[in-house]
*Asks:* 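Here it is, the structure, as structure tokens.
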There are 2 protein chains.
Amino acid sequence: MATEPDKVRKRGRPAADRAGLTADRILTTALALVDAAGLDALSMRRLARELGVDPMSIYHHLPNKAAVVSGLVGLVFSRMRLPESVPDDWAGQVRAWVDAYRDLTRRHPRLVLQIVTDPVAVTQASETINGPLHAALTSAGVPADKIDACAGMFVDFANGFALAGLEPPSPAPAGKPPQSHFDTGMDVMILGIRALTAGRDER
Amino acid sequence: MATEPDKVRKRGRPAADRAGLTADRILTTALALVDAAGLDALSMRRLARELGVDPMSIYHHLPNKAAVVSGLVGLVFSRMRLPESVPDDWAGQVRAWVDAYRDLTRRHPRLVLQIVTDPVAVTQASETINGPLHAALTSAGVPADKIDACAGMFVDFANGFALAGLEPPSPAPAGKPPQSHFDTGMDVMILGIRALTAGRDER
DNA sequence: ACCTGAACACCGTTCAAGT
DNA sequence: ACCTGAACACCGTTCAAGT
């Protein structure tokens, strides 16, 4: 089979109909590629192939590969599903927010390293997650100078847990589903917060 | 300046004196390279240049680049400094072991992602760290079915913390060094363990 | 303005050939 | 047994050229 002649792309600006590239389309395609084939499969050339475009076209919308990767992380963060109704108690609130964050990393397991590592993403996280998390910890009675550290504890734990991979072997699918290691960790940390604030104005 | 003629390497087996390559020498050189220039700088070709050797020579000692990286992680783990004298109390023991683990990641910041991620390394960690950590938690009175989860909590936190980067901005170097976020997290988790085991046979 | 193709300086790895 | 060099199939990115 010879090279198909109808696969040759025209050069120059595309006709008005053929929807031009956009950063959005690039990132959406890249995310699908990474979710399906892993981060190693993400190359500018392969991404371009996926888009049906010359590799260099991408550079007119994103400055380089690093921008593609961090754009990916931003896209994932923008899709975070916030809990619809938060519980009344602070412990329930903390769980709800950490769960929302954790779901993010679970939906894109091949991207966790970048998510957890990207400094810009961490800032994004601060704005959307840490706010409510801080509020919950404040209402728990955690002293102001320990709020950041306690919020960080939950996030760091969630990150470390996500990286450590999926749940442990879990040999017994039958019977009561044993409490997951994640949940146990959360319980202990919440007990710790409670102990930290014992005797303070907790509600 | 032309290519220097005396830099030309002989081919074939080296004379007995010129110490041949070994996996050890390759990994030690690779670790120095990564510590100094980052993981991105580690390529088989550059590593070979550093070793004064043809790129392909490396393949006679390590099967591929992945083996080099995981060898690196193993090398780092083998250098873990165990605490010389562990405290009597379980909380002190837990701190000592987590600190030893954390030092590992601090000594090789450009390798943390691999350390935290490498499944073989995690197994190594299980053997050298988790043993004493489990023992400390057992003596704390943690029920047997929660030991793994609690040990994991500390390790996951340490991993997540290491990844989140160095300490926060830390604007105030003067005065009392404020308790680090890491220490606060450890305190809260230990409080949590204590609360978990309240009323049990703790010693 | 946006897209393209050739070109540059790299990669990891296979394989046949040297000693 | 160990080392080497050419070769293959890739990379990210720059730059001049197309429309």
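Everything quoted here is computed from the prediction, not taken from an experiment.
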*Asks:* For a quick test of reading the model, state the closest non-hydrogen atom pair linking Leu72(B) to Leu27(B) and the distance between them.
*Replies:*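 In this case the closest contact between Leu72(B) and Leu27(B) is CD1-O, 3.5 Å.
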*Asks:* I need the CE-P distance between Met44(B) and dA9(D), as an integer number of Å.
*Replies:*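 Going from CE in Met44(B) over to P in dA9(D) covers 20 Å.
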*Asks:* What heavy-atom pair brings Gln93(A) and Val86(A) nearest, and what distance separates the two atoms?
*Replies:*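 Heavy atoms of Gln93(A) and Val86(A) come nearest at CG-CB, 4.3 Å.
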*Asks:* Please give the distance between the C1' atoms of dA1(C) and dA17(D) as a whole number of Å.
*Replies:*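 It works out to 15 Å between them.
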*Asks:* Roughly, in whole Å, what's the span from CD1 in Ile58(A) to C1' in dT14(D)?
*Replies:*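 Going from CD1 in Ile58(A) over to C1' in dT14(D) covers 15 Å.
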*Asks:* May I have the distance from Asp54(B) (atom CG) to dC2(D) (atom P), rounded to whole angstrom?
*Replies:*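 These atoms are roughly 16 Å apart.
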*Asks:* Map Ser57(A) and Lys65(B) onto DNA chain C by nearest heavy atom, then report which one ends up closer to the 5' terminus.
*Replies:*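 Closest to the 5' end, via its nearest nucleotide, is Ser57(A).
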*Asks:* Tell me, do Val98(B) and Phe182(B) make a side-chain contact under 4.5 Å, heavy atoms counted?
*Replies:*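 Contact flag for Val98(B)/Phe182(B) side chains = yes.
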*Asks:* Nearest whole Å is fine: how far is dT13(C) C1' from Leu47(B) CG?
*Replies:*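 From Leu47(B) CG to dT13(C) C1': 15 Å.
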*Asks:* Should the heavy atoms of other residues, nucleotides or ligands under 6.0 Å from CG of Asp40(A) be counted, would the total exceed 12?
*Replies:*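 At most 12 heavy atoms, drawn from other residues, nucleotides or ligands, come within 6.0 Å of this atom.
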*Asks:* Expressed in angstrom and rounded to an integer, what is the separation of Leu62(B) atom CG from dC3(D) atom P?
*Replies:*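 Rounded to the whole Å, the gap is 12 Å.
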*Asks:* Stem ranges for DNA chain C, with three or more consecutive Watson-Crick or G-U pairs under 3.5 Å?
*Replies:*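 So the stems come out as C:4-8 with D:12-16, C:12-16 with D:4-8.
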*Asks:* State which of dC3(D), dG5(D), dG12(D) makes the closest approach to the side chain of Leu21(B).
*Replies:*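 My answer, after comparing the listed nucleotides, is dC3(D).
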*Asks:* Rounded to the Å, how far apart are Tyr59(B) OH and dG5(D) P?
*Replies:*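 Tyr59(B) atom OH is separated from dG5(D) atom P by 16 Å.
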*Asks:* Mind checking whether Leu31(B) and His108(B) have side chains closer than 4.5 Å, heavy atoms only?
*Replies:*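 In short, these two side chains touch, coming nearer than 4.5 Å.
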*Asks:* Check every strand shown and say whether Met56(B) touches a base, only sugar-phosphate, or nothing at a heavy-atom separation below 4.0 Å.
*Replies:*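 It contacts base atoms.
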*Asks:* Please report the distance, rounded to the nearest Å, between CZ in Arg45(A) and P in dT4(C).
*Replies:*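 From Arg45(A) CZ to dT4(C) P: 14 Å.
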*Asks:* Is any side-chain N or O of His60(A) under 3.5 Å from a base N or O of dC3(C), one able to act as donor and the other as acceptor?
*Replies:*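 It does, because a donor-acceptor pair links the side chain of His60(A) to the base of dC3(C) below 3.5 Å.
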*Asks:* With a 4.0 Å limit, can you tell me whether His61(B) has a side-chain N or O closer than that to the phosphate oxygens OP1/OP2 of dA1(D)?
*Replies:*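 Indeed not, no polar side-chain atom of His61(B) lies that close.
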*Asks:* Parallel, tilted or perpendicular for Tyr101(A) and Phe77(A), by the 30°/60° rule?
*Replies:*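 It falls in the tilted class, 30° to 60°.
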*Asks:* Taking it one step at a time, do Leu104(B) and Arg81(B) satisfy side chain to side chain contact (heavy atoms under 4.5 Å, CB included)?
*Replies:* CA-CA 8 Å; Leu104(B) 217 71; Arg81(B) 296 270 281 121; over 6 Å; no
*Asks:* Using whole Å, report how far CG of Asp40(A) lies from P of dG12(C).
*Replies:*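 My rounded result for the distance is 13 Å.
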